[in-house]
Amino acid sequence: METSQPTKVTVQAVIQAPVEKVWSYWTEPDHITKWNQASKDWYAPRAENDLRVGGKFLTRMEAKDGSMGFDFGGVYDVVNQHEAIGYTMEDGRRVDIAFVDQGNETKVIETFDAESSHPVEFQQAGWQAIMDNFKDYTEQN
């Protein structure tokens with residue numbers, strides 16, 4: 001029986017902030033709710049984060065017009081402070097995030113397993129939009 005490996009998709013940004021700030025803004029629920037959306041039509045009213053191996057996270061995503069919403073969550077497999085986060089989503093897909101300390105800036109590289117119900121380009125654009133929101137929020141606050 002042949003098993004196909006999921007397509008890996010990478011998004012990234014260089015944030016003009018030291019890695020300590022970038023890590024904090026990426027992982028603290030009060031910050032997550034400010035940047036975690038792919039478009040201005042959506043928002044994240046709630047976030048929970050137990051940042052440790054075996055810990056769970058959940059971000060509630062909702063359309064601002066109330067038409068739909070969903071929970072985005074998973075379980076952490078890797079937590080290396082200021083360096084890397086890895087988790088498995090509830091549907092079994094993997095996500096790995098590297099935080100590369102470059103002094104007064106930090107490169108964030110996020111690689112995820114694409115799902116099969118939407119085009120890969122669509123998924124990459126959505127995840128990149130969220131990454132870009134994170135970059136803007138972190139640099140402006």
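A search for ring pair (Phe, Tyr, Trp, His ring centres under 6.0 Å) contacts involving F122 returns H118, not counting sequence neighbours. The salt bridge (Lys or Arg N to Asp or Glu O under 4.0 Å) search around R94 returns D77, D96, not counting sequence neighbours. Every ring pair (Phe, Tyr, Trp, His ring centres under 6.0 Å) that F134 has, sequence neighbours left out, goes to W26, W35. With sequence neighbours left out, E62 forms a salt bridge (Lys or Arg N to Asp or Glu O under 4.0 Å) with R60. Taking the side-chain hydrogen bond (donor to acceptor under 3.5 Å, both in side chains) definition, one finds that S116 meets it with nothing, sequence neighbours left out.
Listed for the E48 side chain is no donor-acceptor partner under 3.5 Å among the backbone atoms of T59. A donor-acceptor contact shorter than 3.5 Å links the side chain of N49 to the backbone of T27.
The stretch residues 97-106 participates, sequence neighbours left out, in these side-chain hydrogen bond (donor to acceptor under 3.5 Å, both in side chains) pairs: Q16-E105.
Across all non-hydrogen atoms, the minimal contact from R46 to L58 is NH2-CD2, 3.4 Å.
Counting non-hydrogen atoms of neighbouring residues, nucleotides and ligands closer than 6.0 angstrom, the NZ atom of K21 exceeds 12 such neighbours.
Figure legend: cation-pi geometry between K135 and Y137 absent, as NZ or CZ is not positioned both under 6.0 Å from the six-membered ring centre and within 45° of its axis.
Under the 3.5 Å distance criterion, with hydrogens and angles disregarded, no donor-acceptor pair is assigned to the side chains of D136 and Q140.
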